[in-house]
Amino acid sequence: MAQETRPKPVSIAYVRTAPPAQVAPPMTAHGPLRWIKENLFSSWFNGLLTLLVIALLLWIVPPLLRFLVIDAVWSGADRTACLPSQEHPEVGACWAFVREWFSFFIYGPYPVDERWRVDLFFVLLAFGTGWMLWLNAPRRDLGALFFFVALPILTVLLLRGFPLLGLPIVDTTKWGGLFVTLIVAAVGIVVSLPIGVLLALGRRSDMPAVKLVSTLFIEFVRGVPLITVLFMASVMLPLFVPPALSPDKLVRALIGIALFSSAYMAEVVRAGLQSIPKGQYEAAQALGLGYWRTLALVVLPQALTVTIPNIVNSFIALFKDTTLVFIVGIFDFLRTIEIARIDPRWATPVTSFTGYAFAALFYFVACHLMSRYARGIERRRSAAERR
Amino acid sequence: MTERFDRAPPRISPFRDPRFRSIAFQVALCVLIGLAIYGAVWNAAANLARANIATGFAFWDHTAGFDISQTLIPYRADVSTYGRAFLVGLLNTLLVAVLGIVLATILGFVIGISQLSNNFLVSRLAAAYVELIRNIPLLLQLLFWYNAVLKTLPSIRESAVLPGGSYLNNRGLFLPRPEFHGLDAVVIALAVGILAALAFSYLLRPRLKRLSRATGAAVTAMLVVVPPLAAYFAVGASVAFDYPQMGRFNIRGGIEILPEFFALLVGLVIYTAAFIAEAVRAGLMAVPKGQTEAAYALGLRRGATLKLVVIPQAMRVIIPPLTNQYLNLTKNSSLAVAIGYPDLVQVFAGTVLNNTGQAVEVIALTMAVYLVISLATSLLMNWYNARMALVER
C-alpha cells in the first residue's frame, strides 16, 4: 500500500488553523425569547391576538381576583359587614354569608341533633365510591355488592330513620342541601347502571319484542328534556297508582332521574358492548357457556372496563343535571343557595353573586376531579394496550 | 357402537328449546307491559274522576285567561285559547333554539379552532373556557346570568340610554322597531328573486359550462338583491322607526327584549359553545397531519389550508356530535321555566297544566313536541351528513 504523502502544511494568512470560538446563538433563537417569539408573536396576526388576549385577561382577571379575594368580606354577623362603608368603600364577595349558611348548604333543614347520620352517610358513600373507583382495590366484587345493594338500604335506614334501632323518622320534606344532591346523583348511578345494562342488551337482542321495547324506551327518553321527564314523574306518576301507594315527592323525582339516566347509560354500555369482538362470544359459546354466563363471565367484564371513562363522563352530566330537581321542588344544593341568597338578613348587592360563585366553585371542583379521573383511566388503558 | 348414532334425537323439554324460550319470554314481556299500561290507565281514570278533572283535549278551545310576557303572534288573555297559548310557547321555544344554535355554532367553532391555535395564550384561554363552562351546571349559569347580572341592571327610572334611542334596564333592552310601508311588494319581489336565483343555479348554470364561479355567484347575488330594491323604489316604500318612549313607570313602543330571553340565550349559547368547541377540536384533530403538510407544500397559507383542506374533512367527524349538541340546546331551552321565560314548558306544562289540571294530556303533548323536534333535526342532519360523507368506490 502506497504511503499517502501529505503536503506539508503551509501557513496561509486567510486560512483558519484553529476552530473559531463558539458564539452564543442570537437572543431570539433560544431561551424564553425564542419561546415567546414562536408561541406568541410568530406572525403579525398572532401578535395582535396575543395583545388582545392579554388585554382581555387584564380586563377580567384582576377585578375578579379583587372581588373574590382581596376586597372580599370573610367574617361578619349580618348584612352590614358586606355593605360599602367608610373604611370599606369597595366591597367584594360576601363570604361571611356563605360561612353563616354553610351548614344549611350541606344539611338543609335536617334536624341539627340528627346531622351525625348525614355525616355517617357521607363516610359510607365515600368508602363505597372509593372502593369502586380504585381499580386495584381488593375484593372489588364485595365493593360492588356494598355499593349497589348494602349502601342504598343503609342510606334509607340511616337518613329516613328506623325507630326500632332508636333512629327517629326524619321526613323527606326535612331533607335538603348537598346530601340530597349526592343522594339524587347516587340513585341515578346505582339504578341506571343495572337497568342501563339490561336495556343495552335488550337493544342488541335477537328477540324483536325485546328489541322494540328497549329501543322505544331509550329513544323516547333521550328525545325529551329532563324537565319533562321530571314533570311526568312528579305530576303524572301519582295518577297512575292507587292514592294509597302514591310515592312522596323526593321518591318521584328520584324515579324520574333514574329513568332518564338509565336511557343514557344504556347507550354508553351499548357502545362498550359493540367494542367486544365477535370472537369473544363465539369462544364463550364454544366453551359451552350459555347466554347469561357468556355475558357475566366474558363480555360484560370487558365491556364495562372499556366504558369506565364514558360511565364517569355520563355521571358528570348526571351530576350537573341533578340541579334540575330544584324545579320540581326538591331541596337540593342549588335550591338551598337560592333560598339563602334572598334572606333579608343578608340582602346586599353582592349576596347573589357570592352564592352563585360558591355553588359554581363546588360544581366545578367536583366535575373537574371526576373528569380528571376519567382521563387518568383512559391514559392507563391506552398505556396498557401499547405494552 | 353404530346403533348409538341411529337413535332418534332425544326429546328436549320445551323449556330448554331456545326458540320456545325466546317466544315465551317475549309473550310474557308483552303481557307484563300490557298489564302495567292497563293498570296505569285504570288508576288514572279512577283518580281523575275522584279529583273531578276532565279528560281529553276539550280544554284546547277554552279561553286561557292568563298573560304571556313575550308573544310572537297576537295573543290576548281574555280572548285567546289554550291552543293559542301552546302555539305562543312553542314559537318562543323555537325562537330561542334557532338563535341559540346559530350563535353557539359561531362561538363554538371560534373556540374549537382557537384551542388548536399555535398561539400559546389563545389556545390556553380557549381550553380554560371549555373546562370552566362544561363543569358548571347550565341551570346555575342561567340563574347567575338572570339573577346576578341582568337583575342588577339599573331600574326603569335610571335606564341606561344607549346610542340610537335604545334603553337598557332591569326590565329588558328596548330597541327601536323598524316599520316598513309597502313591505308586501318588496317581499314578493324578494321571493321572485330567490326563485329566479334557485332556477338559475340549479337549471341554467349546469349548462353554461364556460361561466366562471365568480360570475355565477355574482349573477345569483344580483337576482336576489335587485328585484326587492327595484320594488322598493318603484312602490316608494319607506322605513320608519318606532322609538321606545320613556314613560313614568314603563317604556312604551319599540322592540322589547326581555331579560329572561336574554339570560336564557346567553346561558345556552355560552354553555353549548363549550361542547361544540370540543366536538370541533376532536374533528380537526381527526384530520391527518399529512393533509395540512401537503397543503402547506402546495403553498396554501394557514387560513386557506383550514378553509379548503382541513375543515371540509373535519366536518364529517364533527357533524354527528354537532347534531347532538343542537338537540341538547333545544332540549335545554326548557330550563327557561327556572327563570320565567315563557317557552313551551313554562307556558304549557306550567301555567296551562296548573289551570286545567290535565297532567296526562299536557305532559304528553309537550313531550311529543320535543320528540318531533328531535326526530326532525336528526333526519335533517342525517341527510346533510349523507351529502357530506366521503364518496368511496
Side-chain angles (χ1 to χ4, degrees), chain A residues 35 38-43 46 49-50 52-54 56-57 206-210 213 219-220 222-229 231-232 235-236 238-243 291 316 319-324 326-327 334 337-338 341 349 352-353 355-357 359-360 363-368 371, chain B residues 18 22-23 25-27 29-30 33 39-41 43-44 46-48 50 114 117-122 125 131-132 134-141 143-144 147-149 151-152 302 327 330-335 337-338 345 349-350 353 359-360 362-364 366-368 370-371 373-375:
Chain A
W35 185 89
E38 278 191 356
N39 289 298
L40 299 180
F41 295 96
S42 59
S43 65
N46 256 335
L49 273 183
T50 303
L52 271 177
V53 171
I54 289 175
L56 188 72
L57 289 178
D206 299 327
M207 296 184 248
V210 177
V213 169
E219 290 306 323
F220 170 73
R222 281 162 46 91
V224 297
L226 173 56
I227 291 249
T228 58
V229 177
F231 272 145
M232 184 175 84
V235 188
M236 273 164 80
L239 292 176
F240 289 153
V241 293
Y291 177 75
I316 296 174
F319 189 68
K320 288 185 295 171
D321 281 343
T322 58
T323 50
L324 268 64
F326 146 47
I327 293 170
L334 191 58
I337 300 253
E338 278 293 288
R341 85 179 171 83
S352 296
F353 200 100
Y356 290 137
Y363 280 107
F364 176 77
V365 169
C367 296
H368 182 72
S371 66
Chain B
S22 147
I23 291 172
F25 182 72
Q26 295 183 59
V27 169
L29 183 76
C30 293
I33 290 176
V41 170
N43 272 319
N47 285 332
L48 288 173
R50 198 172 312 120
S114 304
S117 160
N118 54 9
N119 185 318
F120 176 80
L121 273 180
V122 171
L125 188 69
E131 192 62 25
L132 182 72
R134 282 208 315 171
N135 283 332
I136 296 177
L138 175 61
L139 184 60
L140 176 57
Q141 296 189 29
L143 291 174
F144 169 79
N147 288 324
V149 177
K151 279 285 146 183
T152 54
R302 203 179 143 74
L327 290 179
T330 311
K331 286 186 280 174
N332 282 337
S333 72
S334 62
L335 290 186
V337 68
V345 171
L353 174 60
V360 180
V362 168
I363 301 273
T366 314
M367 287 181 147
Y370 283 101
L371 274 181
I373 294 177
S374 291
L375 280 178

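In what follows, chains are A, B, ... by sequence order, proteins preceding strands, each numbered from 1.
- Residue contact with chain A, scored on non-hydrogen atoms closer than 4.5 Å, involves the backbone and the side chain of B:Ser22 alike.
- Chain A forms more heavy-atom pairs under 4.5 Å with one residue of B:Asn332, B:Val41, B:Leu335, B:Ile373 than with any other, namely B:Leu335.
- For a residue to count as touching a neighbouring chain, one of its non-hydrogen atoms must lie under 4.5 Å from one of that chain's; by this rule A:Val365 does not touch chain B.
- With rounding to the nearest 0.5 Å, the separation of CG in A:Asn46 from CG in B:Asn118 is 5.0 Å.
- When each of B:Leu132, B:Leu327, B:Val337 is scored by its heavy-atom pairs under 4.5 Å with chain A, the top score falls to B:Leu132.
- Two residues are said to be in side-chain contact when any heavy atoms from C-beta on lie closer than 4.5 Å; A:Thr50 and B:Val122 fail this criterion.
- At a 4.5 Å heavy-atom cutoff, the contact between A:Ile327 and chain B is made by side-chain atoms alone.
- Taking OH of A:Tyr356 as the start and CD1 of B:Ile136 as the end, the distance is 13.5 Å to the nearest 0.5 Å.
- For the atom pair CG (B:Asn47) and CG (A:Leu239), the distance works out to 6.0 Å, reported to the nearest 0.5 Å.
- When all heavy atoms of B:Tyr370 and A:Pro225 are compared, the closest pair comes out as CG-CD, 3.4 Å.
- Within the 4.5 angstrom heavy-atom criterion, no atom of A:Ser43 approaches chain B.
- The minimum heavy-atom distance linking B:Met367 with A:Val224 is given by the pair O-CG1, 3.6 Å.
- Both the backbone and the side chain of A:Val210 come within less than 4.5 Å of a heavy atom in chain B.
- Heavy atoms of A:Leu40 lying under 4.5 Å from chain B belong to its backbone as well as its side chain.
- In this structure, the portion of A:Pro238 lying under 4.5 Å from any heavy atom of chain B is its backbone and not its side chain.
- Without hydrogens or angle criteria, B:Lys331 side chain to A:Ile227 main chain gives no donor-acceptor distance under 3.5 Å.
- Interface check for chain B: of the options A:Thr322, A:Leu324, A:Val241, the most heavy-atom pairs under 4.5 Å are formed by A:Val241.
- Here B:Asn147 is the residue among B:Val149, B:Asn147, B:Leu29, B:Leu375 with the most heavy-atom pairs under 4.5 Å with chain A.
- When the salt bridge (charged side-chain N to carboxylate O under 4.0 Å, His left out) test is applied to A:Arg222, no partner is found at least two apart in sequence or on another chain.
- Between chain A and the residues B:Cys30, B:Ala359, B:Gly39, B:Gly350, the largest count of heavy-atom pairs under 4.5 Å involves B:Ala359.
- Neither the backbone nor the side chain of A:Phe319 comes within contact range of chain B; no heavy atom of the residue lies under 4.5 Å from a heavy atom of that chain.
- Between the SG atom of A:Cys367 and the CZ atom of B:Arg134 there is a distance of 10.0 Å, given to the nearest 0.5 Å.
- Side-chain atoms of B:Leu125 and A:Leu56, non-hydrogen and from C-beta on, do get closer than 4.5 Å to each other.
- Between A:Lys320 and B:Pro137, the closest heavy-atom pair is O-CB, 3.7 Å.
- For the residue pair A:Thr323 and B:Leu139, the shortest heavy atom distance occurs at O-CD2, 3.3 Å.
- For a residue to count as touching a neighbouring chain, one of its non-hydrogen atoms must lie under 4.5 Å from one of that chain's; by this rule A:Leu226 does not touch chain B.
- Scanning for side chain to side chain contact (heavy atoms under 4.5 Å, CB included) contacts around B:Val27 gives B:Ile23, B:Val31, with sequence neighbours left out.
- Between A:Phe231 and B:Leu353, the closest side-chain pair of non-hydrogen atoms is not below 4.5 Å.
- Here A:Phe364 contributes atom CZ and B:Asn135 contributes atom CG; the two are 5.5 Å apart, rounded to the nearest 0.5 Å.
- With a threshold of 4.5 angstrom between heavy atoms, B:Arg50 approaches chain A through side-chain atoms but not through N, CA, C or O.
- If you measure heavy-atom distances from A:Glu219 to chain B, the contacts under 4.5 Å come from the backbone alone.
- Residue A:Ile337 does not touch chain B at all, counting heavy-atom pairs closer than 4.5 Å.
- Residue B:Asn43 comes nearest to A:Pro242 through the heavy atom pair ND2-CD, 3.4 Å, listed as atom of the first residue, atom of the second, then distance.
- Of the listed residues (B:Ala349, B:Ala368, B:Ser334, B:Ala338), the one with the most heavy-atom contacts under 4.5 Å to chain A is B:Ser334.
- Note that CG of B:Leu143 and OG of A:Ser352 are 10.0 Å apart. Values are rounded to the nearest 0.5 Å.
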